[in-house]
Protein chains: 2
Amino acid sequence: MSPRNNQPTSGDRSARVFAALGDDTRLRIITHMCSMGPASIVSLTQGSGVTRQAVTKHLRILEGAGLVRTTRVGRETSWQLLPEGLGAARASLDRISAQWDNALHRLKTFIEDQPT
Amino acid sequence: MSPRNNQPTSGDRSARVFAALGDDTRLRIITHMCSMGPASIVSLTQGSGVTRQAVTKHLRILEGAGLVRTTRVGRETSWQLLPEGLGAARASLDRISAQWDNALHRLKTFIEDQPT
DNA sequence: CTAATATGCAACCTTAAGGTTGCGCATCAG
DNA sequence: CTGATGCGCAACCTTAAGGTTGCATATTAG
């Protein structure tokens with residue numbers, strides 16, 4: 001099954017980023033960080049509708065996907081977005097779109113080459 | 001949970017698209033459709049490493065996210081990508097990025113306004 | 001020192017995701 | 001008609017995702 005044609009940066013990492021974005025609570029956390037800047041866990045928990053522990057788990061997942069970063073200051077942990085992570089996801093989408101357009105073009109050419 | 005406080009165009013749909021993209025097998029299916037054009041389930045199963053049924057489930061998920069579409073021809077079902085779905089995901093990423101840049105700018109302004 | 005604050009860690013629960021197998025049903029080739 | 005092919009449906013299994021509760025640990029406030 002496609003032994004060597006998959007780039008290491010392809011599915012594995014992209015899937016992780018997309019999976020990290022694929023949760024409503026996490027998207028809300030990201031939105032919160034967008035509008036409020038770097039925030040602590042308690043701050044992110046407010047209005048999330050879930051427990052602090054749940055928020056912590058989500059943040060760990062986002063961290064694992066390279067979307068956020070932590071900075072410990074005293075007893076507080078400041079979580080902030082890493083826009084590079086979003087860029088990687090967007091690049092992946094662009095690559096898929098490009099391949100798709102390419103496939104469309106080839107399909108069109110193929111059809112036009114048919115004798116009828 | 002969170003019965004009515006979520007905007008309809010915000011997290012709900014975006015999360016679904018991202019979640020659909022957040023699986024390695026599904027990304028491989030998408031890649032296959034990109035390079036081979038519309039394909040049947042058996043065709044997509046080849047080289048996927050999983051059963052036909054598993055592929056079917058993944059296709060249903062992609063369909064639920066508005067990423068693929070089916071066209072039944074005789075006994076064969078042709079699955080094809082819907083680039084609009086990808087566009088929606090990209091728009092969501094762009095929106096987040098924009099908000100993030102905005103937050104960065106406000107943070108910078110705030111810091112520069114400090115007396116020291 | 002004593003409390004209150006901000007997290008971390010771990011156990012536990014519930015449910016859904018990803019996969020498989022088995023069977024049934026159309027549809028096309030011969 | 002008879003098979004082979006392409007799919008759908010349903011039951012079932014295993015594991016991880018999302019959440020909660022409870023307790024432990026630093027750190028700061030008073």
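What you see below is based on every heavy atom in this structure, not just the backbone, and it leaves out hydrogens, waters and symmetry mates. Treat the numbers as computed from the prediction; the structure is a model and nothing was measured. Each chain gets a letter, A, B and so on, in the order its sequence line appears, and its residues count up from 1.
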Determine, step by step, whether A:Asp23 and A:Ile61 satisfy the side chain to side chain contact (heavy atoms under 4.5 Å, CB included) criterion, reporting the C-alpha distance in whole Å, the side-chain angles of both residues, the deciding distance to 0.1 Å, and the verdict. CA-CA 11 Å; A:Asp23 181 277; A:Ile61 292 175; over 6 Å; no
What is the first contacted nucleotide of DNA chain C and what is the last, in 5' to 3' order, if contact means an atom lying under 4.0 angstrom from a heavy atom of chain B? C:dG18 to C:dC28
Take atom CD1 of A:Ile41 and atom P of D:dT27, then tell me their distance rounded to the nearest Å. 16 Å
Which angle, to the nearest 10 degrees, lies between the helix axes at the two ends of the helix from C:dC1-D:dG30 to C:dG30-D:dC1, each defined by five pairs? 30°
With a non-hydrogen cut-off below 4.0 angstrom, is B:Thr77 in contact with a base, only sugar-phosphate, or nothing? sugar-phosphate
Could you check A:Arg52 against A:Gly22 and say which one's nearest nucleotide on DNA chain D is further toward the 5' end? A:Gly22
Classify the side-chain pair B:Ser92/B:Arg95 by whether it contains a donor and acceptor separated by less than 3.5 Å. yes
Output a table of nitrogen or oxygen pairs between the protein and nucleotides 28-30 of chain D separated by less than 3.5 Å.
none

Single-linkage hydrophobic cluster, 4.5 Å side-chain cutoff, B:Ile41 and B:Val50 together: yes
Could you give the distance from OG1 (B:Thr31) to CG (B:Leu81), rounded to the nearest 0.5 Å? 9.0 Å
Please examine the side chains of B:Ser14 and A:Leu27, heavy atoms only from C-beta on, and report whether any two atoms are closer than 4.5 Å. yes
Taking salt bridge (charged side-chain N to carboxylate O under 4.0 Å, His left out) as the cut-off, I'd like each qualifying pair that reaches into residues 74-93 of chain A, sequence neighbours left out, listed once. A:Arg90-B:Asp94
Do any of residues 53-62 of chain B sit with a heavy atom less than 4.0 Å from DNA chain C, and if so which? B:Gln53, B:Ala54, B:Lys57, B:His58, B:Ile61
Any idea which heavy atoms bring B:Thr77 and B:Arg72 closest together, and the distance? OG1-CD, 3.0 Å
Base, sugar-phosphate, or nothing for A:Ser40, non-hydrogen atoms under 4.0 angstrom? sugar-phosphate
Distance (rounded to the nearest 0.5 Å) between A:Leu82 CG and A:Leu62 CG: 10.5 Å
Pairwise side-chain contact, A:Ser43 with A:His32, heavy-atom cut-off 4.5 Å (strictly under): yes
Of all pairs that satisfy side chain to side chain donor-acceptor pair (under 3.5 Å), the ones with a partner from residues 48-62 of chain A, not counting sequence neighbours: A:Arg26-A:His58
Measure from CD on A:Glu76 to C1' on D:dT27 and round the result to the nearest Å. 10 Å
Residue pair A:Thr70 / A:Leu59, side-chain heavy-atom distance below 4.5 Å: no
Rounded to the nearest 0.5 Å, what's the gap from CD1 on B:Ile29 to CG on B:Leu67? Could you check? 11.5 Å
CZ of A:Arg13 to CZ of A:Phe18: how many Å apart, nearest 0.5 Å? 12.0 Å
